[in-house]
Every structure is written in C-alpha cells, then in structure tokens.
Amino acid sequence: MGFWHHRWQTQQIGWHRDVYNDLLTKHWGSIGAVDGGEVLVPLCGKSLDMLWLADSGYSVTGLEFVEEAVQAFLQENELEAENSEFGNHVLHRTPPFRIFQGDVFDLKERDIQADAWYDRAAMIAIPRESRIAYVDQLRNLTKPDAVGLLITFAYPQEEMDGPPFSLSDDDVRQLFSDGFVVECLEQIDLGDEKERGLSQVTSSVFQIKRI
Ligand SMILES: C[S@@+](CC[C@H](N)C(=O)[O-])C[C@H]1O[C@@H](n2cnc3c(N)ncnc32)[C@H](O)[C@@H]1O
C-alpha cells in the first residue's frame, strides 16, 4: 500500500493514459459482455477506460485503494459522488459508477456480482505471490458466466523489478486453468524498452470466460 500511496502522492503515475485504451475499444464488442451489465474494473486508478465503458452503456464498478486516485477520477471528470462505509471500504457512488476504495483482497465473495471485468495494468501490478488470490477475487466478485478482457505485459523478469511484473501467456493459461475458458485475441510485439532496460516486451489480449 505504501508504494502505491507514494506513487499517487508524488504523481509518478506513468501508467495513466489520457486516451481510451485502443485494445479495449477494439476487442470489447466481441467478447460477449452482457449489454448494459455491470463491469468490474479492479485496480482502476483514474482510468478513462471507465468512462468509455460507461458511455458504452455499462455500469462500472472500480476497485482502488488510494484515495488520491479516486478523488482525481471524480474531480477530473466532474463527478459528484455520495460516500458510504462498506466494510473496510469507502463506497463512492455516482451512477453509473461505483468505486470501492479499499484493498481488493478485503472484499468478500458476493460483495459485488459483476457481469464482466476489464483488467489493464491491474494483474501486472499485483505481486506474483498474490496472483492466485487475485484470480480468486475475480471469481468471487463476478457472476458464474462472467467474461473478462485481460491485457498483459511480458518481459524477461530478471531485467527489472516490478511493478509492472511480467505476465506471460503461459502464466495466464495456468492461472485461469480452473473454471475458465481462455482465448488469446491478439499478441503484440512491443520491441524493446531501452529506457527501462528491457530487451523484449510483448503484450497479449485475452478473452476469459467463466464456465
Ligand atoms: C498500475 S496502476 C493501473 C491503474 C489502471 N488500471 C490504469 O490502467 O490506469 C495500479 C493501480 O492499482 C492500485 N492498487 C494496487 N494494489 C491494489 C489493491 N490491492 N487494492 C486496490 N487497489 C490497488 C494502485 O493504487 C494503482 O492505482
């Protein structure tokens, strides 16, 4: 938690984009998310992708534990939210958005029952040892037939300490091997990232459906 607080307080938020994610806009329509359903956006930061999902007719439930991030999302998009306590979380509600401010791992099964989920720069922000718990939370907080769109980032892990942590296609297939159907929609070769000392970077887009 200290790490992410520090990143927000010092505005070291290089992951944030001022445009919609092109892989979201390209692939979302084909994954079979229920029209008008609820989309879970774990580790949402102040992502504009939540606005795109809302404009596309979904209700959007973000999960984020840094208050600065939640306030930035609300203020920068001129949203006024009502706040209430929800277990260990603060729930910010301004339809069609709900943001649960707190640790994603503190939410209990069925606190949320979303129809779909969207993960960009979320699973790759989670330490490797917590990935199984993260997948469990995706299962706990979505409906039995929920579908997700996952965008990964992979590089030789020994070349950099995360976050972002490298998440390979094999990691994804293994992590979602129990109770999910995993389909890779696109693989992108991003070349190297010399400024971070990475010799080879790839990104993949997955459709992941509960069965
Ligand atoms: C790399 S950023 C990505 C944000 C967003 N997905 C985007 O694409 O802009 C990861 C975010 O997750 C939040 N975060 C990290 N661990 C979390 C946790 N366990 N529970 C809730 N939020 C968390 C951080 O504060 C940070 O805003």
Side-chain angles (χ1 to χ4, degrees), residues 1-28 39-54 58 60-77 86-92 97-109 111-112 114 116-142 148-155 160-167 188 190 193 196 198 201 203-206 208:
M1 176 92 138
F3 172 86
W4 294 107
H5 266 285
H6 181 72
R7 295 293 292 260
W8 279 101
Q9 268 165 8
T10 54
Q11 286 295 295
Q12 294 178 65
I13 55 169
W15 64 79
H16 179 72
R17 296 284 172 267
D18 287 327
V19 291
Y20 301 140
N21 187 288
D22 54 350
L23 298 172
L24 168 67
T25 58
K26 177 176 176 185
H27 290 292
W28 186 263
V39 182
L40 182 70
V41 185
L43 281 64
C44 60
K46 58 172 186 172
S47 173
L48 295 189
D49 296 339
M50 294 195 282
L51 297 185
W52 185 85
L53 288 163
Y58 296 92
V60 177
T61 298
L63 311 180
E64 168 59 56
F65 63 18
V66 177
E67 186 179 359
E68 281 91 341
V70 178
Q71 292 306 337
F73 176 73
L74 296 172
Q75 282 163 19
E76 290 170 16
N77 298 299
F86 188 95
N88 291 338
H89 284 65
V90 178
L91 172 57
H92 303 258
F97 302 101
R98 294 194 300 170
I99 299 184
F100 288 78
Q101 183 199 321
D103 192 331
V104 65
F105 296 109
D106 281 349
L107 286 165
K108 294 188 202 62
E109 188 171 1
D111 279 349
I112 298 164
W117 52 273
Y118 169 60
D119 178 315
R120 183 259 167 189
M123 197 162 184
I124 61 170
I126 299 270
R128 194 166 272 271
E129 63 270 19
S130 301
R131 282 181 177 170
I132 292 173
Y134 178 75
V135 172
D136 285 343
Q137 283 301 69
L138 288 177
R139 199 186 274 110
N140 289 338
L141 302 175
T142 57
L149 188 75
L150 169 67
I151 301 171
T152 67
F153 187 77
Y155 61 89
M160 183 177 79
D161 293 331
F165 301 98
S166 178
L167 180 66
I188 303 149
L190 297 170
E193 261 195 37
R196 288 205 264 194
L198 304 181
V201 181
S203 176
S204 296
V205 185
F206 287 93
I208 300 181

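Atoms within a ligand are numbered from 1 in the order they appear, just like the ligands themselves.
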ask   = At under 4.0 Å between heavy atoms, which part of A122 makes contact with ligand 1: side chain, backbone, both or neither?
value = neither
ask   = What protein heavy atom sits nearest atom 8 (O) of ligand 1, and how far away is it?
value = R120 NH1, 2.7 Å
message = Under 3.5 Å between any N/O of W8 and any N/O of ligand 1: does that happen in this structure?
response = yes
query = Side chains of L91 and F100: closer than 4.5 Å at any heavy-atom pair?
reply = yes
ask   = When you look for heavy atoms under 4.0 Å from ligand 1, do you find them on the side chain of P42, its backbone, both, or neither?
value = neither
key: Close side-chain approach of L63 to L141, heavy-atom, < 4.5 Å   = yes
ask   = Quick one: does L43 get an N or O within less than 3.5 Å of an N or O on ligand 1?
value = yes
message = Can you give me the closest heavy-atom contact between K46 and A69, atom names plus distance?
response = CB-O, 3.9 Å
request  = Check whether the side chains of W28 and Y58 place a donor and an acceptor atom closer than 3.5 Å, and report yes or no.
outcome  = yes
request  = Determine whether the side chain, the backbone, both or neither of W4 has a heavy atom under 4.0 Å from any heavy atom of ligand 1.
outcome  = side chain
remark   = Near A121 (heavy-atom distance under 4.0 Å), the atoms of ligand 1 are 1 (C), 2 (S), 3 (C), 8 (O), 10 (C)
inquiry  = If I compare all heavy atoms of W8 with all of E68, which pair ends up nearest, and what's the gap?
reply    = CB-CB, 4.2 Å
key: N/O donor-acceptor pair under 3.5 Å between T152 side chain and S203 backbone   = no
remark   = Heavy-atom nearest pair, P42 first then A122, reads O-CB, 3.4 Å
key: Nearest-contact summary for atom 20 (N) of ligand 1 - protein heavy atom, Å   = V104 N, 3.0 Å
query = Nearest protein heavy-atom contact for atom 9 (O) of ligand 1: which residue, which atom, what distance?
reply = W15 CD1, 3.3 Å
request  = Report, in ascending order of atom number, the atoms of ligand 1 lying under 4.0 Å from any heavy atom of V66.
outcome  = 25 (O)
Atom indices of ligand 1, in the order listed, that fall short of 4.0 Å to a heavy atom of D103 = 18 (C), 19 (N), 20 (N)
task = Please examine the side chains of W52 and V19, heavy atoms only from C-beta on, and report whether any two atoms are closer than 4.5 Å.
result = no
request  = Could you check which of E67, M123, E64 puts a non-hydrogen atom nearest to atom 24 (C) of ligand 1?
outcome  = E64
query = Parallel, tilted or perpendicular for F65 and H5, by the 30°/60° rule?
reply = parallel
task = Give the residue and atom name of whichever protein heavy atom lies nearest to atom 16 (N) of ligand 1, and the separation in Å to one decimal.
result = F65 CZ, 3.4 Å
message = So is G102 touching ligand 1 or not, going by heavy atoms under 4.0 Å?
response = yes
